[in-house]
2 protein chains.
Amino acid sequence: MIRHNPEKNRVVAPPGDAKDRLLLAAGQEFAEKGYEAATVRDICLAAGVNVAAVNYYFGDKKRLYIESVKHAHRERVRQVPEPDWPAGTAAARKLHDFIGNMLERMLGFGQPPWQVRLMLREVLQPTEACRELVEDYFRPHFELLVSILGELTGDAVDAPRLRRIALSVIGQCFLYRAAGDVVGMLVPEDERHDLHSLGQLTDHIAAFTLAAVGAGPSLAPAASHRRGPPAEPAAS
Amino acid sequence: MIRHNPEKNRVVAPPGDAKDRLLLAAGQEFAEKGYEAATVRDICLAAGVNVAAVNYYFGDKKRLYIESVKHAHRERVRQVPEPDWPAGTAAARKLHDFIGNMLERMLGFGQPPWQVRLMLREVLQPTEACRELVEDYFRPHFELLVSILGELTGDAVDAPRLRRIALSVIGQCFLYRAAGDVVGMLVPEDERHDLHSLGQLTDHIAAFTLAAVGAGPSLAPAASHRRGPPAEPAAS
DNA sequence: GGCCGTTTGAAACGAGCGCTTGAAACGAAT
DNA sequence: ATTCGTTTCAAGCGCTCGTTTCAAACGGCC
């Protein structure tokens, strides 16, 4: 229905239908500036379409926003599939890979980061599009992490505590995505590169978590031998 | 200089100078809606002052924003002082208290949460006011946490790794502040209350961290006795 | 009282916003 | 060739925004 003679397109016109270009440009603009600050004029300029196209295809700005979030979400799912291990893979290895995968998805090295930024906005201040995002995208990964942790602890830990441990893992990764700038200000200049290196970050968080659940060596080599009274467990 | 006859105040006029009322109302509005979405008209309406007062006292909207962030920050420092322990307090107890203190500051039970929300916005998307916030407010707490962790590990861990561990602690707390809504969606209904209870959250994060650095029991009671080969340490 | 610097007030300015409009341009069917 | 539904366009509508303006009201001082 669309697709005129390609050599007669008036504008610079990136590839794709006007609707797709609109979704793409909207996602980038909304991710960069937020819903309020982004303007439909700028979005349409970037997409190479007329402002009326927003009203034509989506009705209004709000529905354009919701659709662009869903679109970015679907794209991200397609780009970064869940890891898949051969049967019999050690749980510790799975955890390490999972953390690396999650960090790569969050910090998004190699991929355009605007999709994650868009989702981050939904996480921090949920709108209508958030519930769908959680059910379709976050929950499967969360459940996978919980199952890995269950396997790791030999099913000796009950589900609520497993979920809390999973949230501890996610929190460690999430900090670098959400507060990366502040984290960068808190560490000395020369550590900054290592801190944001995917490999070293993965190793640290995996080691920290494995040690916490008793499936790996403690992070304090000298401290592990003074295992008498656990230094007063600090009851609440 | 200000202070007319108090019984002649024309508007509802909450207590304080017009400038202070403006700072307070601006902080609340900016925290709630963000810089772009908040309007000077609404702020002035809430403060009970004329719109011209913004230009008179602060010049423009941007400077009003920066001053309101600094103001909120100063207020918060006054409200929640750093914990102070008697000499000889066990490091594990200090860590537990520190985490509880940080969670209380972040989740802000009992205090109006808008100040934290305002600072959170700066963390997630830093503006000019952010650097001051980090140096005056975050860094002292961060350094304190690092020193506690150093004490806890008996100085057997080098500074860069200590900093990474500190960030792991902060990340665990930060998740509940920044992504509390999504966290609530991921856990079953009946766990939600426990999950956001300050005491249980503090206990979990403290126990998780103590176990990770080898200063406390593992979180997986049954797993700690099968301490032979650590289930393949998942080399990178 | 008369004056002065400071503070408050109502009104309006220009700019930019989201959204609408009516017509033109197009491919496909007749 | 004409018609039709679909898609694109420039222009402008009404509105709200941040900011400015100018005059009135005030306390302190001579």
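Just so it is clear, the structure is predicted and the values come from calculations on it, not from any experiment. Here is the naming used below: chain letters follow the sequence lines, and residue numbers restart at 1 for every chain.
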Side chain to side chain, A:Y137 and A:E132, heavy atoms closer than 4.5 Å: no
Rounded distance in Å - CG (B:L64) to P (D:dC17): 15 Å
Roughly how far, to the nearest 0.5 Å, is the CD1 atom of A:I170 from the NE2 atom of A:H141? 10.5 Å
Taking only Lys NZ, Arg NE, NH1 and NH2, and the carboxylate oxygens of Asp or Glu, determine whether B:E67 and B:R63 approach each other closer than 4.0 Å. no
Within the pair A:Y57 and D:dT8, is there a side-chain N or O less than 4.0 Å away from OP1 or OP2? yes
Nearest heavy-atom contact between B:E75 and B:Q115 is CB-NE2, 3.5 Å
Provide the closest heavy-atom pair for B:L162 versus B:V146 in the form atom of the first, atom of the second, distance. CD1-O, 4.0 Å
Nearest whole angstrom, please: distance from the P of D:dT7 to the NZ of A:K19. 10 Å
Let me know the distance between CD of B:E29 and P of D:dG18, rounded to the nearest Å. 11 Å
For a quick test of reading the model, state the closest non-hydrogen atom pair linking B:S68 to B:L118 and the distance between them. O-CD2, 3.9 Å
For B:Y56 and D:dT21, what is the distance between atoms OH and C1' respectively, to the nearest whole Å? 15 Å
Treating primed atoms plus P, OP1 and OP2 as sugar-phosphate and everything else as base, which nucleotides of nucleotides 16-22 of chain C get B, S or - for protein heavy atoms under 4.0 Å? -BBBBB-
